[in-house]
Amino acid sequence: MNELNATKQLLEQYKNAVDISMIVSKTDPKGKITYANEQFSKVSKYSKKELIGKHHNIIRHPDTPQETFKDIWTTIKNKQIWKGIIKNRTKYGNFYYVDTTIIPILDENNNIVEYIGLRNDITKVLENEKILEKVRLDDITNLKSRTALLEDIEKSDKLNLALIDIKSFKHINDFYGHKVGDNLLKIIAKELKKYLENFDCKIYRIPIDIFAVTTTTDILVLQKHVDDFIAFIGSRPINIADSHIYVNAIVGFSSTKDHDTIYQSADIALQYAKTHNNKSQIYTNELNLQKEIQNNLLWTQRLNEAIYGENVKAFYQPIINNKTMKCEKFEALVRLIDENGNIISPFYFLDISKQTKLYAYLTKIVLAHTLEKFKDTNYEFSINLSVEDFENETTLKMLLSTLENNPIAKKTVIEITESEEIKNFNQVVSVVNKFKSFGCQIAIDDFGSGYSNFSYLMQLQADYIKIDGSLIENIVTDQSSQSIVKAIVSFAKEMNIKTIAEYVSSEEIFYKIKEFGIDYSQGFYFGIPKQSIDLNNKLLN
């Protein structure tokens, strides 16, 4: 007994020593904080009461890339210890660096019961210039980092900036693996340095898939050099681990003396280039944030008017069986009708509806119209459920109560968008299982566009994969898209999952996807979305 007491006393002393010298926290298996010591409160400026029950993103600094947190969770969920340096943010917005160790704690059955995080505050140490230089370097490409870019912008009186976004990099990571993705980044960095070696500039890598180039030289000269590099790098495949990967990129440029807006301006130009299908775009005042804000306010007003004026409508696009050339299904899509009778695509209002908490109203309206439209037909129909829908208790209750013990459930396909990160995955799986028990089928929409992988697909027991349109629209000429689509189709056939190609807009695309063995087609080649479900399109006769 005395020996047991001595051991307990010794362990208590160890605990006290750790608590005094380190920042300590415990979380449950879902990542909620269950314990935070005094050092944690002292450094973060949050009280223990404010920390308990929260996730660690309460102290997440935006400079720390999302990939870091994905790496942490992948490591510790595999019951391995994660170590690394993380930049955190205090309650009042200041930053601090911690040398972090996260340890999974297992029970007697080798199941994870909690995680313990041990951290040392190394902010003062990192103020040493030699160590800070490591923070200024990207650890994959050895180029200057985002931190170095922001510092250089601050120091410069006049600077021109290019942001180079590598297209489909997430696809490459998903289907070739992170090792191939990292090697690709190294090759691009090496080629970019070599191509611009005689040009007075600095090169940076900004996680995850963006490179930056700065120069004091004229913006048009910068644009020519960077555009020429993009044409060069995309002219032939890059060979990595027996894979032939084609690289395409989009570039945003900015030229301004304002330290606070040059990065933001280049990013606005980049996003404009993406949405307008341009290869590059120089920022101008016509693209400024004020107009974007005014546009958001306008669309918020128009959304409210459409909802309460019953001008939110469901449109239906046919989905064709590639073997029989017959329409077997439709997808329900939301549209607005304006005061002049014009049909407005969700491209203009969907993101704003999510920001303004109006999205749930759109979902409910489309569901009501669609269930009524298809109740007396033999067609299958698909309805889209987003992360917002799964997090909206009222929407889920309405749909579950409607489909339970209802014959229409056997004609219903629930489409879940793969590109959206699902926080409460267990809840989604539980709801999906209820849908399947009613007779519904499950489709993963935009497959190949997002953060997840094939295990995500398996957990949801999907019946259909809808291959992301960005892969299909370039499939005739883009070798990288072809490789990724082939990988998806091969996996789907192995698992007896049907595949649907979106964005089938031409005969050339249609014959290419048939060649790859895709089961169904959806796109303007076979029919545009309409309020009716008549099939007068000559291609279907």
Side-chain angles (χ1 to χ4, degrees), residues 62-63 65-67 138 140-141 143-150 153 159-176 178 180-193 195-196 201-215 219 222-235 237-238 245-255 261-284 287 289 292 347 351 419 446 448-451 468-471 473-474 478 480-481 484:
D63 282 356
Q66 187 68 27
E67 287 300 304
D138 171 55
I140 293 176
T141 63
L143 293 175
K144 288 189 170 190
S145 68
R146 182 176 183 273
T147 300
L149 171 61
L150 297 179
I153 288 173
L159 206 62
N160 296 320
L161 170 65
L163 294 180
I164 306 169
D165 189 339
I166 306 303
K167 290 180 66 177
S168 301
F169 184 74
K170 287 182 180 179
H171 301 329
I172 294 165
N173 261 344
D174 285 345
F175 293 100
Y176 296 110
H178 287 276
V180 170
D182 288 350
N183 285 334
L184 179 63
L185 291 173
K186 290 176 184 177
I187 292 171
I188 294 172
K190 182 180 177 182
E191 294 289 347
L192 185 57
K193 286 171 69 177
Y195 201 87
L196 300 179
C201 65
K202 294 179 181 179
I203 305 171
Y204 312 78
R205 186 227 167 186
I206 304 168
I208 305 173
D209 52 3
I210 295 179
F211 292 85
V213 180
T214 63
T215 183
I219 187 73
L222 172 62
Q223 184 182 35
K224 184 180 187 314
H225 277 83
V226 173
D227 284 354
D228 285 350
F229 170 75
I230 298 307
F232 162 75
I233 198 75
S235 63
I238 294 175
I245 302 172
Y246 282 82
V247 174
N248 293 299
I250 298 175
V251 192
F253 298 90
S254 179
S255 177
T261 63
I262 184 171
Y263 186 93
Q264 189 178 45
S265 299
D267 188 56
I268 291 171
L270 178 62
Q271 301 311 318
Y272 184 91
K274 286 182 180 179
T275 56
H276 290 78
N277 203 28
N278 298 339
K279 290 186 177 180
S280 69
Q281 175 69 45
I282 295 177
Y283 174 82
T284 67
L287 310 179
L289 281 175
E292 183 179 340
F347 170 83
D351 285 343
S419 59
D446 298 336
S449 66
Y451 74 98
D468 185 54
S470 66
L471 294 171
E473 65 183 351
N474 299 315
D478 189 335
S480 182
S481 294
I484 294 169

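One distance of note links CD1 of Ile250 with CD of Gln271; it measures 9.0 Å at 0.5 Å rounding. Ile188 CD1 to Thr141 OG1: the interatomic distance, rounded to the nearest 0.5 Å, is 10.5 Å. Residue Leu159 holds its CG atom at 11.0 Å from SG of Cys201, rounded to the nearest 0.5 Å. Interatomic distance, CD1 of Ile230 versus NZ of Lys167, reported as 11.0 Å (0.5 Å rounding). In this structure, CG in Asp228 is found 10.0 Å from CD in Gln223, a value given to the nearest 0.5 Å. Note: Phe229 CZ to Leu196 CG = 7.0 Å, rounded to the nearest 0.5 Å.
In plain terms, the two heavy atoms of Ala212 and Ile206 that are nearest each other are CB-CD1, 3.8 Å. Listed here is the closest heavy atom pair of Tyr246 and Gly234: CD2-O, 4.3 Å. Across all non-hydrogen atoms, the minimal contact from Lys193 to Ile203 is CA-CD1, 3.7 Å. What you find for Ala148 and Tyr204 is that their closest heavy atoms are C-CE2, 3.9 Å. Nearest heavy-atom pair across Ser265 and Ser254 is CB-OG, 3.2 Å. Looking at every heavy atom in both residues, Arg205 comes nearest to Phe211 through CG-CE2, 3.9 Å.
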For this session: Evaluate side chain to side chain contact (heavy atoms under 4.5 Å, CB included) for Leu270 paired with Ile210, printing each intermediate quantity in order.
Result: CA-CA 11 Å; Leu270 178 62; Ile210 295 179; 4.3 Å; yes
Exercise. Is there a side chain to side chain contact (heavy atoms under 4.5 Å, CB included) between Leu192 and Val226 once you walk through the steps?
Worked result: CA-CA 9 Å; Leu192 185 57; Val226 173; over 6 Å; no
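A donor atom on one side chain and an acceptor atom on the other are not found under 3.5 Å apart for Thr215 and Asn160.
With contacts defined as side-chain heavy-atom distances shorter than 4.5 Å, the pair Val247/Ile187 does not qualify. With contacts defined as side-chain heavy-atom distances shorter than 4.5 Å, the pair Val251/Val213 does not qualify. Taking 4.5 Å as the limit, every side-chain heavy atom of His225 sits out of range of all side-chain heavy atoms of Tyr195. You'll find the side chain of Asp227 stays beyond 4.5 Å of the side chain of Lys279, heavy atoms only. Annotation: side chain of Leu163 is in contact with side chain of Tyr263 (closest heavy-atom distance under 4.5 Å). Using a 4.5 Å heavy-atom threshold, the side chains of Leu222 and Leu161 count as separate.
Judged as a ring-ring contact (aromatic ring centres under 6.0 Å, His included), and not counting sequence neighbours, Phe169 has no contacts.
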